[in-house]
Every structure is written in structure tokens, then in C-alpha cells.
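Contents: one structure, followed by commentary.
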Amino acid sequence: MKIGIARDERFKQHLTGHFHPEHPRRLDAIHRMLDRKFAKAGDRLAAYAATPAPVEVVERIHSPEHIRRILKTSEQRISHLAPDTPVCSQSYMAAWLAVGACLQGIDTLMADACQAFFALIRPPGHHALENRAGGFCIFNNIAIAARYAICRYRLRRILVVDWDVHHGNGIQRLFYADPRVLYISTHDLMLYPYSGQAAETGVAWGDGYTINAPIERAMTDTDILWLYRSILEPVIYNYRPELILVAAGFDAHEADPLGRSRWTEAAYAGITRMILNASAGIGSPPVFLALEGGYTPGALASCIHSVLLEFLQQDSALADLRPEHEETATLAAQLRKMHSNYGLME
Ligand SMILES: [Zn+2]
């Protein structure tokens with residue numbers, strides 16, 4: 001299996017201030033890890049520099065006013081798009097390149113030059129709405145990538161797995177009525193943006209194509225993997241995605257200052273393995289990952305290392321799992337019941 005990565009120093013030019021958790025040192029740690037751990041990976045790991053996204057592709061998700069507002073931030077040394085989303089004069093370019101890296105990832109996968117692609121980008125994207133930045137996000141990278149895959153490659157079934165500890169309200173909202181994008185998220189409801197109840201399942205043609213699993217902080221790797229096995233595996237078999245997108249935030253890690261959860265590297269590696277094993281049964285659609293959160297640079301780099309290893313290793317089976325907390329089994333049963341009419345979780 002060959003994996004592409006987006007690696008570009010210009011993502012570090014988006015400066016948020018010394019005390020902001022979403023800072024360029026996150027990418028410094030990831031780049032150091034890549035140089036140290038994958039120096040001998042050869043052409044199995046190919047790095048791509050980013051190119052800016054065409055404006056008309058960004059406009060398929062964001063309003064012209066939103067885009068104008070972002071471009072205008074180049075006129076000031078520091079400004080704020082939202083109280084939690086500071087930007088500098090170079091941020092618009094980093095945001096533009098982040099989207100561009102995602103489109104390039106989709107093109108690379110569709111041309112079969114790689115079977116997986118990890119866009120190691122910042123700023124993140126899953127909270128960005130059509131007309132609003134926020135939650136450290138400027139453009140909705142994954143949503144733009146999904147819409148691009150629909151328009152450019154005529155894809156009809158795209159699965160988005162959002163394992164960031166925060167709910168990806170932007171992705172959910174943008175495809176809430178659209179069955180061509182099935183959105184699955186595990187997140188902590190006590191955290192920003194406080195949305196993503198299990199009862200939010202989509203509307204109109206998109207009814208049943210949003211799956212929200214609000215998780216408890218006490219849940220361990222075993223709980224999380226068991227939960228993903230209960231909901232994600234049947235969804236992959238039944239929905240048969242042509243492309244899998246991962247909103248890859250690592251802020252549910254036990255060392256993360258924002259997430260306050262208990263996951264370790266093994267949870268992210270395990271979900272990756274599960275995606276690969278389950279999707280092998282439906283013809284191994286390409287897998288695209290875009291970096292979202294993860295605010296302890298060392299842990300972030302080590303999680304990404306574990307995920308990349310799963311792609312580069314031969315396939316292996318996951319051990320049998322049992323939930324450690326009763327809440328995990330209750331949540332899975334609740335979700336199966338809530339989605340029983342849609343036939344995707346059987
Ligand atoms: Zn997050």
C-alpha cells in the first residue's frame with residue numbers, strides 16, 4: 001500500500017499567538033516524527049507540497065462573503081474571525097493551501113497513485129460553516145473535499161469518520177440533507193460546539209445518514225474500539241462507500257489538555273485497522289485523512305505515527321473486544337435502535 005502525505009512548511013505561517021493551543025509547534029512535532037520514523041519508508045510514503053485551492057471549489061461550500069472576510073485578514077497583522085479563532089496576515093494563505101492539499105489528496109487517490117492520503121494541515125476545518133469560521137477552523141477542509149469528490153468524480157457514497165473529540169458541526173450541517181455523504185462522529189457533548197446528540201440523524205433525503213455517538217470521558221480504548229466495531233463496521237458493509245474521509249483529530253488522547261478523555265495511540269491505530277479490514281470486504285475504497293485537533297505535540301505526533309504504521313503494515317486482525325463500561329454497550333444499543341429504520345447498522 002502506498003500512502004501520500006501533504007507536508008508543507010507554509011501551514012506553519014498561520015500564527016495564533018503563543019498561548020493558543022492550535023499553534024505551529026504541532027506540525028513541528030509531526031515533521032520531526034516523520035523524519036525520524038519514516039526515513040526508510042522509501043516511496044511507500046510520498047510527500048506532496050500543497051497548491052492553493054481554486055476559488056470556485058471553495059465557493060461550493062462557503063459563501064462569497066465568508067471568503068472575502070478571510071482574504072481581508074491579510075491586511076492586518078493580527079485579527080479574530082471568532083473569539084477563539086485568531087489569525088495573522090498569512091493565515092488566509094495557510095487556510096487556502098490546506099484546502100488545496102485536500103483536493104490534491106483526492107486527485108492522488110482517484111488517480112490511484114496512492115491508496116491512502118493524510119493531509120497534515122492546519123488550520124483545521126470541521127467546525128467551519130458556510131458563512132462562519134470558529135473553533136480554530138477557517139475553511140471546512142473535509143466538507144470541501146467531499147463536495148469536490150462528488151462534483152469532479154461523480155461519487156455517490158462518501159463516508160466521513162470524525163474521531164476528533166469535538167463534534168464536527170460544520171460537516172454535519174453542510175451534508176445534513178444529503179445521503180451522498182454519510183457522517184459518523186464520536187465526540188464529547190460537554191465540549192465545544194455542544195452539538196451532536198444521538199437523535200440528530202439527518203433530514204429529508206439525508207435522514208439516517210448522520211450518526212452521532214456521544215462518548216463518555218471514562219471510556220477506554222477497548223470501549224471505543226468495541227463501539228466503532230458495533231457501528232462503523234456494519235455501516236461500511238451496508239453503505240459501501242466509494243471513498244472514506246477521516247476528520248482525524250487526536251484530542252481524545254489521554255495527554256490532551258482540551259479533550260479530557262482516555263484514548264491512547266492504540267485507539268486510533270485500531271480504528272484505522274478496522275476501516276482497512278472492513279473496507280477490504282467491499283473492494284478497498286481509498287482512504288483520505290485530514291488533520292483536525294490534537295494539542296499536545298508529542299502525543300499528536302505519536303498518534304499519527306501509529307496510524308501511518310497501520311497503512312504501511314500488512315493486514316492484521318483485531319483482537320476480540322468487550323466493552324469495559326456499561327455506558328458503551330448502552331450507547332451502541334441506543335444507536336442501533338435509533339437507526340433501525342435505515343438499515344445501515346444491521
Ligand atoms: Zn477537536
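Whatever order the structure lists them in is the order used to number ligands and atoms, beginning at 1.
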(Q) Show, in sequence, the C-alpha distance, side-chain angles and deciding distance for D188 and R217, and conclude whether the salt bridge (charged side-chain N to carboxylate O under 4.0 Å, His left out) test is met. (A) CA-CA 7 Å; D188 183 345; R217 288 180 180 175; 2.6 Å; yes
Q | Degrees at the Zn ion (ligand 1) between the OD2 atom of D251 and the OD2 atom of D164, nearest 10° | A | 90°
Q.
Using 2.8 Å as the threshold, say whether any N, O or S atom from E292 sits that close to the Zn ion (ligand 1).
A.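 No, outside the cut-off.
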Q. So, is H126 placed with an N/O/S atom under 2.8 Å from the Zn ion (ligand 1), counting both backbone and side chain?
A. no
Q. Just by distance, do the side chain of Y176 and the backbone of G202 share a donor-acceptor pair under 3.5 Å?
A.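 Yes, Y176 side chain to G202 backbone: donor-acceptor pair under 3.5 Å.
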Q. Counting N and O atoms only, with roles assigned by atom type, does the side chain of T264 sit under 3.5 Å from a partner on the main chain of A266, one being a donor and the other an acceptor?
A. yes
**Q.** Partners meeting side chain to side chain donor-acceptor pair (under 3.5 Å) with T272 (sequence neighbours left out)
**A.**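 In terms of side chain to side chain donor-acceptor pair (under 3.5 Å), with neighbours along the sequence ignored, T272 is linked to no residue.
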Q. When you measure from the Zn ion (ligand 1) to each N, O or S atom of H166, which atom gives the shortest distance?
A.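 Answer by atom name: ND1.
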